[in-house]
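Have a look at this one.
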Amino acid sequence: MHVHKQLKASDVFDIVVKIPEGKVTTYGDIAKILGHPGASRAIGRILNSNPNPIVVPCHRVVMSNGNIGGYAFGKTRKKELLKKEGLHFMRDDMHDFAGCRTNLAKLR
DNA sequence: GCCATGGCTAGTA
DNA sequence: GCCATGGCTAGTA
């Protein structure tokens with residue numbers, strides 16, 4: 001009982017590769033679209049094990065409140081990468097978070 | 001038991 | 001600030 005299918009890391013990475021440059025999504029949004037609404041923290045753990053940060057842009061995944069969130073190479077690096085894509089921050093919070101948030105359901 | 005989160009409550013200013 | 005959540009790892013027996 002209470003046996004549900006487990007989150008697959010490859011499913012998470014498959015979504016993250018599709019986030020366009022200059023756009024972001026959240027740990028929670030990825031969790032929801034995969035049918036695991038409570039698994040946002042698990043998403044972060046999976047991203048932390050990203051085997052290929054070059055092709056999988058996990059720096060584009062941030063917290064649901066617009067805060068930068070974590071990054072395996074430090075949030076400073078994560079912010080730099082996002083700034084290079086034209087995004088802006090005040091301290092660790094994104095400017096116009098709503099405006100640069102991508103709709104995962106529409107990605108292809 | 002840790003942790004790259006999130007949603008909710010209490011209760012300060 | 002608290003705590004539920006879910007996947008993972010270290011490391012005890």
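Since the model is a prediction, treat every value here as computed from it, not as a measurement. The sequence lines fix the lettering, A, B, ..., with proteins before strands; numbering per chain opens at 1.
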Worksheet item: Between atom NZ in A/K79 and atom C1' in B/dA4, what is the gap in whole Å?
Response: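 Answer to the nearest Å: 15 Å.
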
Practice prompt. Can you tell me the distance, in whole Å, between the CZ atom of A/F97 and the P atom of B/dG6?
Written response: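 From A/F97 CZ to B/dG6 P: 8 Å.
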
Discussion item. Output the rounded distance in Å from CG (A/L7) to P (B/dA4).
Written reply: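 Distance, rounded to whole Å: 16 Å.
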
Discussion item. I'd like to know if A/V61 and A/L81 are part of one continuous hydrophobic network [Ile/Leu/Val/Met/Phe/Trp/Tyr, side-chain heavy atoms within less than 4.5 Å].
Written reply: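 Different clusters.
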
Worksheet item: Taking atom P of B/dT5 as reference, at what distance in whole Å does atom CG of A/N67 sit?
Response: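 Spelled out: CG on A/N67 to P on B/dT5 is 9 Å.
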
Worksheet item: Donor-acceptor pair, A/K78 side chain versus A/I68 backbone, under 3.5 Å?
Response: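 Judged by distance alone, yes, a pair lies under 3.5 Å.
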
Worksheet item: Can you tell me if A/K79 uses its side chain to pair, donor with acceptor, with the backbone of A/R91 under 3.5 Å?
Response: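 Yes: the side chain of A/K79 pairs with the backbone of A/R91.
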
Discussion item. What's the closest nucleotide to the side chain of A/Q6 if the choices are B/dA4, B/dG6, C/dC8?
Written reply: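 It is C/dC8.
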
Worksheet entry | Donor-acceptor pair present, A/Y71 side chain and B/dA4 base, under 3.5 Å |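 A donor-acceptor contact between them is absent.
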
Worksheet item: OP1 or OP2 of B/dG7 sitting under 4.0 Å from any side-chain N/O of A/S64?
Response: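 It does, given that an N or O in the side chain of A/S64 lies less than 4.0 Å from OP1 or OP2 of B/dG7.
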
Practice prompt. Quickly work out the A/L81 CG to B/dA4 P distance and round it to whole Å.
Written response: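 About 18 Å, once rounded to whole Å.
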
Practice prompt. Classify the nucleic acid contact of A/I43 as base, sugar-phosphate or nothing, counting any heavy atom under 4.0 Å across all strands shown.
Written response: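 Contact class for A/I43: none.
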
Worksheet item: Within this structure, what is the CD1-to-C1' distance between A/I46 and C/dT5, rounded to whole angstrom?
Response: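 Between C1' of C/dT5 and CD1 of A/I46: 13 Å.
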
Discussion item. With a 4.0 Å cut-off on N to O distance, would you call A/E80 and A/R77 a salt bridge?
Written reply: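 A salt bridge is present here (some side-chain N lies under 4.0 Å from a carboxylate O).
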
Worksheet item: Expressed in angstrom and rounded to an integer, what is the separation of A/I30 atom CD1 from C/dG7 atom P?
Response: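 Whole-Å distance recorded here is 14 Å.
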
Discussion item. From C-beta outward on A/K78, which listed nucleotide comes closest to its side chain: B/dA4, B/dG7, B/dG6?
Written reply: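 Of B/dA4, B/dG7, B/dG6, B/dA4 is nearest to the side chain of A/K78.
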
Worksheet entry | A/R41 side chain near B/dT5 phosphate (N/O to OP1/OP2, under 4.0 Å) |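 True: A/R41 side-chain N/O within range (under 4.0 Å) of B/dT5 OP1/OP2.
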
Fill in: Spacing of CD1 belonging to A/I46 relative to CZ belonging to A/F13, to within rounding of 0.5 Å
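It is 7.0 Å, given to the nearest 0.5 Å.
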
Practice prompt. Take atom CE of A/M63 and atom C1' of B/dG6, then tell me their distance rounded to the nearest Å.
Written response: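 Value for this atom pair: 9 Å.
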
Discussion item. Membership question, hydrophobic clusters at under 4.5 Å side-chain separation (ILVMFWY): are A/L47 and A/M63 in the same one?
Written reply: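 Both belong to a single hydrophobic cluster.
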
Worksheet item: Touch check for A/G28, heavy atoms < 4.0 angstrom, all strands: base, sugar-phosphate only, or nothing?
Response: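 Touches sugar-phosphate only.
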
Fill in: Per A/K32 side chain, nearest of listed nucleotides B/dG7, B/dG6, B/dA4
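From the listed options, B/dG7 comes nearest.
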
Worksheet item: So what does A/A72 touch, heavy atoms closer than 4.0 Å: a base, only the sugar-phosphate, or nothing?
Response: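 Result for A/A72 = base.
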
Worksheet item: Which stems, defined as runs of 3 or more consecutive Watson-Crick or G-U wobble pairs with both pairing distances under 3.5 Å, involve DNA chain C?
Response: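 Expected stems, ordered by start: B:1-3 with C:6-8, B:5-8 with C:1-4.
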
Discussion item. When you group the ILVMFWY residues by side-chain heavy-atom contacts below 4.5 Å and let the links chain together, are A/Y27 and A/L107 in the same group?
Written reply: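 Linked within one cluster.
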
